[in-house]
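Worksheet: one structure, shown below.
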Amino acid sequence: MSDPLASIPSTVLAKLDELDRQYVELDRRLAEPAVLADHRAVRDVSIKKAALEEVVGSYRVFRRLAAEAADLRSVIAAGDDPDLVAMAKAELREVESRAGALIDQMKTRLVNADDRRVGSVMLEVRAGTGGAEAALWARDLLDLYQRLATRRGWSYEMLDLTPETDAGGIRNAVVNIRGERVWSELAFEAGVHSVKRVPATE
């Protein structure tokens, strides 16, 4: 039966400890009057805290399980009561199994934690070739992102807009979107987004 802590490299444990400290500091900052008085500061600190919440939560549960496993190994090593030792061995297997599952979760969440802390993206939409139809599609696409931002509770700030006056579309637009998980959800949106109209007869 192995120590769950021994199965994690020391560099990873050091990183997890550091993230735990950052989480505590961000929690403390959210209680500061100067931060509470500034809604943008509250939003920025909250985004960073939320980005760490899952990995830190898993790590804290893992540490509790590791401590519990150490206590059970002490009972087994003492060997005073055969029945108690048998119970401790059975419980230790369960605790180590849960700790092992948490290790996989922590690794995944540790990889994603930095991305989740990016709380702001610049979104640019440009109409491609196709004249008025392309400009209308660009406007529809921009409206889609605005609705997504509203649904997710993100802020949506139009920084630049060049309209297509003939048909009501747009030639290009630049938007700042801020909020929790905004980078994680929009990082792969780059590229060409096309639309093809299908006639009603088909």
Side-chain angles (χ1 to χ4, degrees), residues 15 18-20 22-59 105-202:
K15 177 66 173 178
E18 173 58 26
L19 293 179
D20 197 326
Q22 289 179 24
Y23 185 84
V24 171
E25 173 61 18
L26 291 167
D27 200 34
R28 185 194 63 77
R29 287 191 60 201
L30 279 174
E32 293 178 354
V35 173
L36 291 172
D38 182 348
H39 73 279
R40 290 188 178 182
V42 169
R43 179 190 60 203
D44 292 343
V45 174
S46 296
I47 288 170
K48 291 176 182 176
K49 181 185 172 189
L52 299 177
E53 198 155 12
E54 287 185 351
V55 67
V56 169
S58 294
Y59 181 51
Q105 282 184 23
M106 286 189 300
K107 287 178 180 177
T108 301
R109 289 169 175 172
L110 190 58
V111 169
N112 296 332
D114 287 338
D115 283 350
R116 293 184 60 197
R117 277 187 280 187
V118 179
S120 175
V121 299
M122 301 297 288
L123 173 70
E124 182 176 11
V125 175
R126 291 179 178 272
T129 57
E133 280 293 312
L136 287 170
W137 169 233
R139 185 199 63 197
D140 290 346
L141 195 59
L142 193 63
D143 290 344
L144 181 148
Y145 283 116
Q146 185 171 15
R147 290 196 298 274
L148 175 66
T150 300
R151 185 174 296 177
R152 292 287 193 273
W154 299 334
S155 70
Y156 182 93
E157 181 184 2
M158 183 70 67
L159 302 178
D160 184 44
L161 177 67
T162 304
E164 175 67 53
T165 54
D166 291 342
I170 62 166
R171 294 313 309 165
N172 67 277
V174 179
V175 179
N176 177 228
I177 302 178
R178 301 175 64 88
E180 184 181 338
R181 299 186 185 215
V182 67
W183 172 257
S184 301
E185 295 200 29
L186 297 181
F188 301 102
E189 287 295 302
V192 177
H193 293 39
S194 61
V195 62
K196 295 180 180 177
R197 301 191 185 282
V198 179
T201 53
E202 295 182 16

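These numbers were taken from a predicted model, which means no experiment stands behind them. Just so you know, these numbers use all the heavy atoms, side chains as well, and skip hydrogens, waters and symmetry mates.
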### Query
Hey, is Arg28 close enough to Glu25 for a salt bridge, meaning N to O under 4.0 Å?
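Judged by the 4.0 Å cut-off on N to carboxylate O distance, Arg28 and Glu25 do form a salt bridge.
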On a heavy-atom basis, which atom in [X] and which in [Y] lie closest, and how many Å separate them?
{"X": "Asn176", "Y": "Met122", "result": "ND2-SD, 3.6 Å"}
{"X": "Asp160", "Y": "Asn172", "result": "OD2-ND2, 3.7 Å"}
{"X": "Ala127", "Y": "Ala134", "result": "CB-O, 3.7 Å"}
{"X": "Lys49", "Y": "Asp27", "result": "NZ-OD1, 2.8 Å"}
{"X": "Met106", "Y": "Val55", "result": "O-CG2, 4.0 Å"}
{"X": "Val125", "Y": "Ala138", "result": "CG1-O, 3.8 Å"}

I want to check something: taking the side chain as every heavy atom from C-beta on, are [X] and [Y] in contact at a cut-off of under 4.5 Å?
{"X": "Leu161", "Y": "Val175", "result": "no"}
{"X": "Glu164", "Y": "Ile170", "result": "no"}
{"X": "Asp44", "Y": "Arg178", "result": "yes"}
{"X": "Gln22", "Y": "Val56", "result": "no"}
{"X": "Tyr59", "Y": "Leu52", "result": "no"}
{"X": "Ile177", "Y": "Arg152", "result": "no"}

### Task
To the nearest 0.5 Å, tell me how far Met158 CE sits from Leu123 CG.
9.0 Å
### Query
In Å, rounded to the nearest 0.5 Å, how long is the span from CG of Asp38 to CD of Glu32?
12.0 Å
### Task
Indicate yes or no for a side-chain donor-acceptor contact from Arg139 to the backbone of Gly168 under 3.5 Å, with no hydrogens or angles considered.
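Confirmed, Arg139 side chain pairs with Gly168 backbone.
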### Message
Taking CZ in Arg171 as the centre, count heavy atoms belonging to other residues, nucleotides or ligands within less than 6.0 Å. Is the count above 12?
### Response
yes
